[in-house]
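All of these numbers come straight from a predicted model, not from anything done at the bench.
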There are 2 protein chains.
Amino acid sequence: MEQGHLSETNDLRCISEALSRVGDKWSIVVVMELAAAPKRFSEVRRALDGISQKMLTATLRGLERDGFVTRTVYPTKPPSVEYALTALGQEMVVPVRALGTWLVANVERVETARRLFDSDRQSG
Amino acid sequence: MEQGHLSETNDLRCISEALSRVGDKWSIVVVMELAAAPKRFSEVRRALDGISQKMLTATLRGLERDGFVTRTVYPTKPPSVEYALTALGQEMVVPVRALGTWLVANVERVETARRLFDSDRQSG
DNA sequence: CTGGATCCTCGGCGATACTG
DNA sequence: CAGTATCGCCGAGGATCCAG
């Protein structure tokens, strides 16, 4: 019996499916944003600057549904809604941040490889 | 000066951009598959079972371009091409596997949250 | 066996306008 | 301020046919 091998075909499907939950254009970014501090709808919107309100709504709904964020409505006037990470969401931040850190740290290497690849294609 | 905070808006863009490189439908899965062992085109295709040959080609090209995999042609007859992870690719496997492991380990919690959310919507 | 070229569909996503 | 509804674009990605 394999122990936590994770490369078994079955797990592979599991991973890709799980990744697709969080691998859309905005989920990760929103989670990272909320990881810093809970924020209101507009705050997140401004912080991300580039996300449409439709996608922000959809993304937050999805994250809420999956148990990564909570949505708290304060019946003030005008109403305000605060989004925050759940325990689950905070836990997820750890591996996500690790991956993000690695990617950011290695952007150079990727771009170097890319330039090499492209120039080889031209002259090659 | 911030120390590796990673949630600064600038890094956030960096992350999302970097993630989009690897966050498409197949890149991660292919990388994980090659992490187990170098494989030929058809082997990867069969192992993944569900990817079209067009997407496999495109994915491998992308990964090769970004310096994550190598492509070695053996001029046999019929020709065979072997794909393998570069050092960069192998390094990336570490954080990716960490995330994948976490995701797989927490699928239950996500699905539970999801069911709760959905039933609340109905009755609420 | 490897993989390029084409066609076509579907869905993500943005823009805009409107409601409470 | 927070959220919904609608429309339209565009690109990811699958199916298929063809070539070295």
Side-chain angles (χ1 to χ4, degrees), chain A residues 12-13 16-17 19-31 33-34 37-66 69-84 117-118 120-122 124, chain B residues 12-13 16-31 33-34 38-66 69-84 117 120-121 124:
Chain A
L12 225 46
R13 293 191 184 289
S16 76
E17 189 184 339
L19 273 180
S20 69
R21 265 197 273 276
V22 146
D24 60 19
K25 192 173 182 182
W26 295 107
S27 290
I28 292 289
V29 195
V30 169
V31 168
E33 191 58 41
L34 292 179
K39 287 187 177 61
R40 295 176 46 184
F41 188 89
S42 297
E43 289 180 307
V44 180
R45 187 149 154 62
R46 268 192 304 276
L48 267 42
D49 186 51
I51 188 173
S52 66
Q53 125 284 46
K54 170 183 172 179
M55 287 319 296
L56 180 53
T57 300
T59 302
L60 286 169
R61 276 281 185 287
L63 292 172
E64 185 194 359
R65 187 166 112 101
D66 287 354
V69 311
T70 58
R71 175 175 180 274
T72 312
V73 181
Y74 296 103
T76 57
K77 189 176 194 313
S80 76
V81 181
E82 187 176 82
Y83 292 91
F117 183 88
D118 291 345
D120 278 4
R121 292 234 102 189
Q122 272 194 341
Chain B
L12 225 45
R13 294 193 184 289
S16 77
E17 189 183 339
L19 273 180
S20 69
R21 265 197 274 277
V22 146
D24 60 21
K25 192 172 180 181
W26 296 106
S27 290
I28 292 289
V29 195
V30 169
V31 167
E33 190 57 43
L34 291 179
K39 287 187 177 60
R40 295 177 46 188
F41 188 89
S42 296
E43 289 180 307
V44 180
R45 187 148 154 61
R46 267 191 305 275
L48 267 42
D49 186 52
I51 188 173
S52 66
Q53 130 304 23
K54 170 184 172 180
M55 287 319 296
L56 180 53
T57 300
T59 301
L60 287 168
R61 277 279 184 287
L63 292 172
E64 186 194 358
R65 186 166 112 101
D66 287 352
V69 311
T70 58
R71 177 175 180 274
T72 312
V73 182
Y74 297 102
T76 56
K77 189 180 195 319
S80 76
V81 181
E82 187 177 83
Y83 293 90
F117 182 88
D120 278 4
R121 291 236 103 188

Engineer: Send over the distance from A:Lys39 NZ to D:dC1 C1', rounded to a whole Å.
Structural biologist: 17 Å
Engineer: Send over the distance from B:Tyr74 OH to D:dG20 C1', rounded to a whole Å.
Structural biologist: 20 Å
Engineer: Just how far, in rounded Å, is P of D:dG14 from CG of B:Asp24?
Structural biologist: 11 Å
Engineer: What I'd like to find out is whether the side chain of A:Arg61 reaches to under 4.5 Å of the side chain of A:Arg71, using heavy atoms alone.
Structural biologist: yes
Engineer: Could you state the CD1-P distance from A:Ile51 to D:dA2, rounded to the nearest angstrom?
Structural biologist: 14 Å
Engineer: Rounded to the nearest angstrom, tell me the gap between atom CG in B:Leu56 and atom P in C:dC1.
Structural biologist: 13 Å
Engineer: Could you check which of C:dC13, C:dG4, D:dA2 has an atom nearest any side-chain atom of A:Val81?
Structural biologist: D:dA2
Engineer: Starting at CE of A:Met55 and ending at P of C:dG11, how long is that distance when rounded to a whole Å?
Structural biologist: 14 Å
Engineer: How about B:Phe41 and B:Leu60: do any of their side-chain heavy atoms sit closer than 4.5 Å?
Structural biologist: yes
Engineer: Base of D:dG13, side chain of B:Gln53 - is there a donor-acceptor contact under 3.5 Å?
Structural biologist: no
Engineer: Has B:Lys54 got a side-chain N or O lying under 4.0 Å from the OP1 or OP2 atom of D:dT16?
Structural biologist: no
Engineer: Quick one: which of D:dG14, C:dG14, C:dC1 gets closest to the side chain of A:Lys25?
Structural biologist: C:dG14
Engineer: Determine yes or no for a side-chain-to-main-chain donor-acceptor pair under 3.5 angstrom, with B:Thr59 supplying the side chain and B:Met55 the backbone.
Structural biologist: yes
Engineer: D:dA2, OP1 or OP2 - any side-chain N/O from A:Arg71 closer than 4.0 Å?
Structural biologist: no
Engineer: Give a yes/no answer on whether the side chain of A:Arg40 brings an N or O atom under 4.0 Å of OP1 or OP2 in D:dA2.
Structural biologist: yes
Engineer: Distance check: side-chain N/O of B:Thr57 vs OP1/OP2 of C:dG3, anything under 4.0 Å?
Structural biologist: no
Engineer: Closer than 4.0 Å, any side-chain N/O of B:Arg45 to the OP1 or OP2 of C:dG3?
Structural biologist: no
Engineer: Roughly, in whole Å, what's the span from CG in A:Asp49 to P in C:dG14?
Structural biologist: 12 Å
Engineer: Whole-Å distance between C:dG4 C1' and B:Phe41 CZ?
Structural biologist: 11 Å
Engineer: For A:Trp26 and for B:Leu60, locate the closest nucleotide of DNA chain C by heavy-atom distance; then report the residue assigned to the nucleotide nearer the 5' terminus.
Structural biologist: B:Leu60
Engineer: Does C:dG3 have OP1 or OP2 under 4.0 Å away from a side-chain N or O of B:Tyr83?
Structural biologist: yes
Engineer: Among C:dG20, D:dT4, D:dG13, which nucleotide sits nearest the side chain of A:Pro79?
Structural biologist: C:dG20
Engineer: Has A:Thr57 got a side-chain atom pairing as donor or acceptor with A:Gln53's backbone, closer than 3.5 angstrom?
Structural biologist: yes
Engineer: Going by the salt bridge (Lys or Arg N to Asp or Glu O under 4.0 Å) test, name the single residue among B:Lys39, B:Arg46, B:Arg40 that passes it with B:Glu33.
Structural biologist: B:Lys39
